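Just below is one structure, and these are the notes that go with it.
Scope of the values below: all heavy atoms of this structure, side chains included, with no hydrogens, waters or symmetry mates. Just so it is clear: chains get the letters A, B, ... in the order the sequence lines come, proteins before strands, and each one is counted from 1. No experiment lies behind these values; they were computed from the predicted model shown.
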Amino acid sequence: MPELPEVETVRKNLTNELLDDKIENIEIYFSKMLQNTTPKAFVDLVSNRVIEHIGRIGKYLIIYLGSLQEDTKKVLIIHLRMTGRLLVINDNTKVDKHLRCRFFLKSGRYLDFCDQRKFATMALVNKGEEFKWKGIALLGPEPISDDFELTTFYKGLKKSKKSIKAILLDQKLVCGLGNIYSDEALFRAGIHPQKAGEEISQQEAKQLFSSIKKVISEGIKERGTTFSDYRDSYGNKGGFQELLQVYGRARELCFICKNPLEKIRVANRGTTICPKCQK
DNA sequence: GCGACCACCTGATGGC
DNA sequence: TGCCATCAGGTGGTCG
């Protein structure tokens, strides 16, 4: 499922391919993915706009669309959720069976938005309003940015009775982590995912802070993790799955202590831990 | 206000 | 072989 490293990989791919290309038309096959507009209005407002810039906030992909009229620039906010994919298509010989929306580009290519489970979303706002969009407005700092500070992180943990895993998935204290990277970060920090935030020591917070930065940086470097569904914009798999130490390895042996890993449920999510290494 | 839980959704998998 | 139940998970909404 796309977390920060996967979305960042897609952003880089799309930037390489689509910058300055023009969206000439759009066909929408699943209108429920549009959060704040009708299909007709969406097509009217997005068609004939140039892709000026592609950014990212947490797991949200932000596509800036230019216009001849400076005051009507639009921003497309996309969340891939679990199975969303944005694919640059050069020919129409093989259409994905989960195609939900197709952008027809001036270059003759298509940008296909595919989503097996129909959870992915798109919203269209005026430029400048993207940071106020629900879901984005309350996001915490990016783990690889200077805004992510140990002191603030530790204070945030101490305020919460929630499990540390629930806190990491919540996106408010730090954004971009999902099930895979939170399990990996907690294992590397030696922290049990069910431990309450308020019970995390300063030393544990420091270890977790470092491991979050490390797994996210490694994930970006490896172009994300492909566990089942994720593909980048060229249809390629990521590489971080080769570096996973716990996620998806239940019943296999821990690389550190050689005891079997266990799968438990924390924050309503399947969670893989080493019961010996994580306290 | 906070935390826990559920719905959304489809494909894969396991059990019978 | 075929059917059915369960599981996977990010986010927003609801409930206590």
Side-chain angles (χ1 to χ4, degrees), chain A residues 1-8 10 28-36 56-62 77-86 95-101 113-123 125 130 132-140 142-143 155-186 193-200 212 216 219 224-231 238 240-241 244 246-251 261-273:
Chain A
M1 70 281 337
E3 302 178 29
L4 191 153
E6 290 76 31
V7 180
E8 176 61 14
V10 171
I28 296 163
Y29 312 109
F30 181 65
S31 59
K32 268 179 76 175
M33 71 188 297
L34 300 174
Q35 286 195 297
N36 64 342
R56 178 188 56 73
I57 308 171
K59 301 176 195 172
Y60 289 84
L61 203 59
I62 314 290
I77 301 173
I78 296 175
H79 199 303
L80 301 173
R81 300 287 179 116
M82 264 95 73
T83 53
R85 294 183 196 175
L86 283 164
V95 178
D96 190 298
K97 69 185 281 196
H98 303 110
L99 178 63
R100 309 298 180 203
C101 175
F113 194 165
C114 307
D115 181 29
Q116 180 195 100
R117 295 188 200 173
K118 296 183 172 177
F119 282 3
T121 58
M122 282 198 295
V125 299
E130 63 272 29
K132 300 174 196 165
W133 179 248
K134 58 178 180 177
I136 291 180
L138 296 176
L139 286 180
E142 299 260 327
K155 282 181 183 169
L157 293 180
K158 298 305 280 184
K159 281 184 193 168
S160 179
K161 296 182 191 301
K162 284 199 289 189
S163 68
I164 181 65
K165 170 134 182 184
I167 294 170
L168 295 184
L169 293 176
D170 185 55
Q171 312 295 307
K172 292 189 180 74
L173 203 52
V174 56
C175 72
L177 280 84
N179 210 30
I180 296 175
Y181 292 95
S182 54
D183 275 13
E184 292 297 314
L186 286 165
Q194 283 174 324
K195 195 165 190 173
E198 62 181 4
E199 291 173 3
I200 301 289
I212 289 170
I216 293 295
T225 305
T226 297
F227 196 75
S228 56
D229 303 302
Y230 165 73
R231 297 289 188 280
F240 192 69
Q241 65 277 6
L244 293 175
V246 285
Y247 184 86
R249 295 191 62 244
R251 294 186 295 279
L261 302 175
E262 289 181 3
K263 187 158 190 179
I264 59 174
R265 200 147 185 94
V266 185
N268 225 11
R269 296 284 175 270
T271 303
T272 312
I273 60 159

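- Each end of the helix from B/dC2-C/dG16 to B/dC16-C/dG2 yields a helix axis from five base pairs, and these two axes differ in direction by 60° (to the nearest 10 degrees).
- At the heavy-atom level, A/K159 lies nowhere under 4.0 Å from the strands shown.
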Scoring nucleotides 11-16 of chain C by protein non-hydrogen atoms under 4.0 Å (B base, S sugar-phosphate only, - none) yields BS----
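- Nearest-nucleotide positions on DNA chain B for A/H98 and A/S160 put A/S160 closer to the 5' end.
- Every residue two or more places apart in sequence or in another chain that forms a side chain to side chain contact (heavy atoms under 4.5 Å, CB included) with A/L173 is listed here: A/F153, A/L157, A/I167.
- Shortest non-hydrogen contact noted between A/C175 and A/L4 is O-CD1, 4.0 Å.
- Partners of A/Y60 under the ring-ring contact (aromatic ring centres under 6.0 Å, His included) rule, at least two apart in sequence or in another chain, are A/H79.
- Residues passing the side-chain hydrogen bond (donor to acceptor under 3.5 Å, both in side chains) test with A/R56 are A/E8, A/E142, sequence neighbours excluded.
- Between A/L139 atom CG and C/dG10 atom C1' there is a gap of 12 Å when expressed in whole angstrom units.
- Applying the side chain to side chain contact (heavy atoms under 4.5 Å, CB included) criterion to A/Q35, with sequence neighbours excluded, gives A/T121, A/A123, A/W133, A/K134.
- Residues satisfying the ring-ring contact (aromatic ring centres under 6.0 Å, His included) criterion with A/F113, sequence neighbours excluded, are absent altogether.
- When all heavy atoms of A/P5 and A/G219 are compared, the closest pair comes out as CB-C, 3.4 Å.
- Under 4.0 angstrom from either OP1 or OP2 of C/dG9 there lies no side-chain N or O belonging to A/Y181.
- When heavy atoms are screened at a 4.0 angstrom cut-off, A/T121 is found touching no nucleic acid atom at all.
- Once you apply a 4.0 Å limit to the heavy atoms of chain A, the touched nucleotides of DNA chain B run 5' to 3' over B/dG3 to B/dG11.
- Remark: A/D183 engages A/K165 in a salt bridge (Lys or Arg N to Asp or Glu O under 4.0 Å) (not counting sequence neighbours).
- Nearest-nucleotide positions on DNA chain B for A/F119 and A/N268 put A/N268 closer to the 5' end.
- A/K158 meets the salt bridge (Lys or Arg N to Asp or Glu O under 4.0 Å) test with no other residue; sequence neighbours excluded.
- In this structure A/H98 satisfies the ring-ring contact (aromatic ring centres under 6.0 Å, His included) test with no other residue, sequence neighbours excluded.
- Contacts of A/N179 with the nucleic acid, taken as non-hydrogen atoms under 4.0 Å apart, involve only primed sugar atoms and P, OP1 or OP2.
- For A/K161, the salt bridge (Lys or Arg N to Asp or Glu O under 4.0 Å) partners two or more places apart in sequence, or in a different chain, are A/E198.
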